[in-house]
Amino acid sequence: MRFNPYKNKRNSNEKKPISYRFLAVGIAITTGVGLAIPTPSLANSQSQQQIQSSHQIINLSKAVTMTLESHPELKALVAEEAVWQGNIEQAAIGERPQIGLMIEDALGTGEHSALKSMQSTLTYSWLLQQDQIDGRVNAAKSQASAVIVEQKIKALDLSAIVAKQFVEILIKQERLKLNQLAVSQAQEVVDAIAKRVKAGKSSNVEMRLAQAELVRRNLAVEDLEHELKASHYQLSSLWGKPQAELKLTGNLMLKPEIPSVESQLIKLKQIPQIQQFVNEQRIAQSQMELARIEAKPQWQFTAGLRRYEATDDFGLVAGISIPWGNENRNAGTIAALRAKQDVLATQQQALMQKLDAQLYVLLQEMAHSHHVIETIQLEIIPVLENALTEAGQAFDIGKLSYNQWSDIRRELLSAQNQLLDAYQSLHLQHIEIQRLTGVPVSDSE
């Protein structure tokens, strides 16, 4: 449901109290409707509707999906999976067996002249290396799993970026609508004071002040229009189509509930950032196992066939080679990896403490934002609306100056902007909590 400032509008020929004309802004914010956007421009409603009909309608869920499908940083991580798949395949390839041919007692002198006493040996040698191959494959698989965790972290970060920019655009659109209404109302004030000047009830000074106020309101609208163009371009560039024209839909008035600290702490222990530390420790463990395996001697077996030219006979040959030395040649590497595991465990604990504090602060800020919204909606804006009504009536009969009346209008506009600030803070805090706890951004934003 969209708020229509012209709904139930009186007949244009019917004179309205000036104070009534300024209640529309407060109603637009306090009634809980009208924050599904965009709204047609007040000055060019028909042309804007024609333009927007050709725009792509996008909600938060769709914006996040398009970004995750198209963002180059995620594509790079997906491509990196193929790199690690190749590394795993390469790790499964061991040392090739060797075929050897040896010639002895040939081309010598006397009995060993020419080839008559020659001995030729054809051998086949291979290593017992299956344990080493399995160790390398496991280490490569552990490192490859880190890419999956990085993808999850990047997806959460990008989703949060999209959601924050999306909410900021919704807020700017509401500010634009608020300022457009203020322009319309400022114009009505100028027209009303012009009639009072002609009747001798107001001075030209009040007329000049009202005109200056109208110019300021127009400048505020123009600033927001430029900011929205830049924000649309920035948001759409996340999914690779920065020239796309956007029509965003969302409901800022839907306030997210404040989750309990206990439930969020449980989620915090399962986030990809913590999984990343766990995975790094797992990688270090697999590298330690590989180092232990590689420190063990690799036995080499040889088998072959020998021919004796002198007697025209054949014989089998066989051999085994065992590297000499102890198995502690990788002791330094193993000690370094074990120390790395301790470092990672400490860093994981430090990150948990940091995120725990951030989460608690955000939950407290969400509770405060809820309180601010309720206070502004129920206690501040209604009071200012009543004050503006009374001030308008007093101005109509000459009991209040233009400056006093204008100050009350500015106070009401400021309160409405503060309400938008509070809604923006609430949604951004909720988005950050979702990012910290690894929860996909919902379309409730």
Side-chain angles (χ1 to χ4, degrees), residues 56-93 133-169 231-246 248 267-287 289-290 340-341 344 347-348 351-352 355 428 430-445:
Q56 184 180 11
I57 300 176
I58 299 174
N59 58 18
L60 177 56
S61 179
K62 188 172 183 179
V64 170
T65 300
M66 290 191 298
T67 299
L68 296 184
E69 289 177 350
S70 306
H71 202 278
E73 291 185 13
L74 269 179
K75 287 185 176 181
L77 290 174
V78 172
E80 196 172 339
E81 287 187 45
V83 174
W84 279 107
Q85 187 59 41
N87 290 338
I88 293 172
E89 293 179 5
Q90 186 62 39
I93 299 176
I133 291 174
D134 293 342
R136 289 196 299 268
V137 169
N138 291 334
K141 287 181 177 179
S142 297
Q143 290 176 309
S145 63
V147 179
I148 306 299
V149 178
E150 289 178 14
Q151 287 179 7
K152 293 179 180 178
I153 294 174
K154 178 57 66 175
L156 285 172
D157 290 343
L158 286 175
S159 298
I161 290 172
V162 172
K164 289 176 181 179
Q165 292 188 14
F166 196 96
V167 167
E168 288 171 358
I169 289 176
S231 297
H232 281 144
Y233 191 95
Q234 187 177 22
L235 176 63
S236 58
S237 67
L238 290 174
W239 56 79
K241 295 182 180 180
Q243 299 300 327
E245 296 182 346
L246 305 179
L248 306 185
K267 294 178 181 178
L268 201 59
K269 297 176 182 179
Q270 303 170 355
I271 63 173
Q273 288 87 340
I274 298 300
Q275 293 179 7
Q276 193 172 35
F277 278 104
V278 174
N279 192 67
E280 288 291 332
Q281 294 178 57
R282 189 181 299 114
I283 291 173
Q285 183 64 38
S286 64
Q287 289 175 339
E289 294 299 325
L290 178 60
K340 183 179 179 180
Q341 284 186 314
L344 290 170
Q347 290 176 340
Q348 178 182 342
L351 179 61
M352 276 295 300
L355 294 178
L428 293 182
H430 186 229
I431 291 169
E432 185 62 17
I433 288 175
Q434 288 180 307
R435 187 188 70 83
L436 284 180
T437 55
V439 177
V441 176
S442 66
D443 200 32
S444 63
E445 302 300 334

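Heads up: numbering here begins at 1 and tracks the sequence.
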request  = Any chance you could measure Q273, atom CD, to L355, atom CG, to the nearest 0.5 Å?
outcome  = 7.0 Å
ask   = Under the criterion side chain to side chain donor-acceptor pair (under 3.5 Å), which of K340, Q348, Q341, Q276 is the partner of Q281?
value = Q348
note = Tightest non-hydrogen contact, residues L246 and W239, listed as CD2-CZ2, 3.7 Å
key: Heavy-atom side-chain proximity of I153 to E150 below 4.5 angstrom   = no
remark   = In this structure, CD of Q143 is separated from OG of S286 (nearest 0.5 Å) by 6.5 Å
ask   = Is a side-chain N or O of S236 found less than 3.5 angstrom from the main chain of Y233, in a donor-acceptor match?
value = yes
Rounded distance [0.5 Å steps], CD1 in I271 versus NZ in K152 = 12.0 Å
Nearest-0.5 Å distance that lies between atom CG in L436 and atom CD1 in I431 = 12.0 Å
query = With a 4.5 Å limit on heavy-atom distance, are the side chains of L290 and N138 in contact?
reply = no
query = Given side chains that start at C-beta, do those of K164 and V167 come closer than 4.5 Å, heavy atoms only?
reply = no
query = Taking all non-hydrogen atoms of both residues, which atom of A160 and which atom of R435 are closest, and how far apart?
reply = CB-CD, 3.6 Å
request  = Could you please spell out the steps behind the side-chain contact (heavy atoms from CB on, under 4.5 Å) verdict for K154 and H71?
outcome  = CA-CA 10 Å; K154 178 57 66 175; H71 202 278; 5.8 Å; no
Value rounded to 0.5 Å, distance of CD in E168 from CD in Q234 = 8.0 Å
Polar contact flag, side-chain donor to acceptor under 3.5 angstrom, S145-N279 = yes
message = On a heavy-atom basis, which atom in A140 and which in W84 lie closest, and how many Å separate them?
response = O-CE3, 3.9 Å
ask   = I283 and A146: which non-hydrogen atoms are nearest, and at how many Å?
value = CD1-CB, 4.2 Å
remark   = Interatomic distance, CD1@I58 vs CE@M66, rounded to 0.5 Å, equals 4.0 Å
request  = Taking the side chain as every heavy atom from C-beta outward, state whether S159 and L68 have any atom pair closer than 4.5 Å.
outcome  = yes
query = Sub-3.5 Å donor-acceptor pair from the side chain of Q151 to the main-chain atoms of L74, do we have one?
reply = no
Worked verdict on Q285 versus E289 for side chain to side chain donor-acceptor pair (under 3.5 Å) = CA-CA 6 Å; Q285 183 64 38; E289 294 299 325; 3.2 Å; yes
inquiry  = Using side-chain contact (heavy atoms from CB on, under 4.5 Å), reason through I274 and K269 one step at a time and then give a plain yes or no.
reply    = CA-CA 7 Å; I274 298 300; K269 297 176 182 179; 5.8 Å; no
inquiry  = Under the criterion side-chain contact (heavy atoms from CB on, under 4.5 Å), I'd like the reasoning laid out for K62 against T65: C-alpha separation, chi angles, the key distance, then a yes or no.
reply    = CA-CA 5 Å; K62 188 172 183 179; T65 300; 5.6 Å; no
ask   = Is there side-chain contact between L248 and L235, with heavy atoms separated by less than 4.5 Å?
value = yes
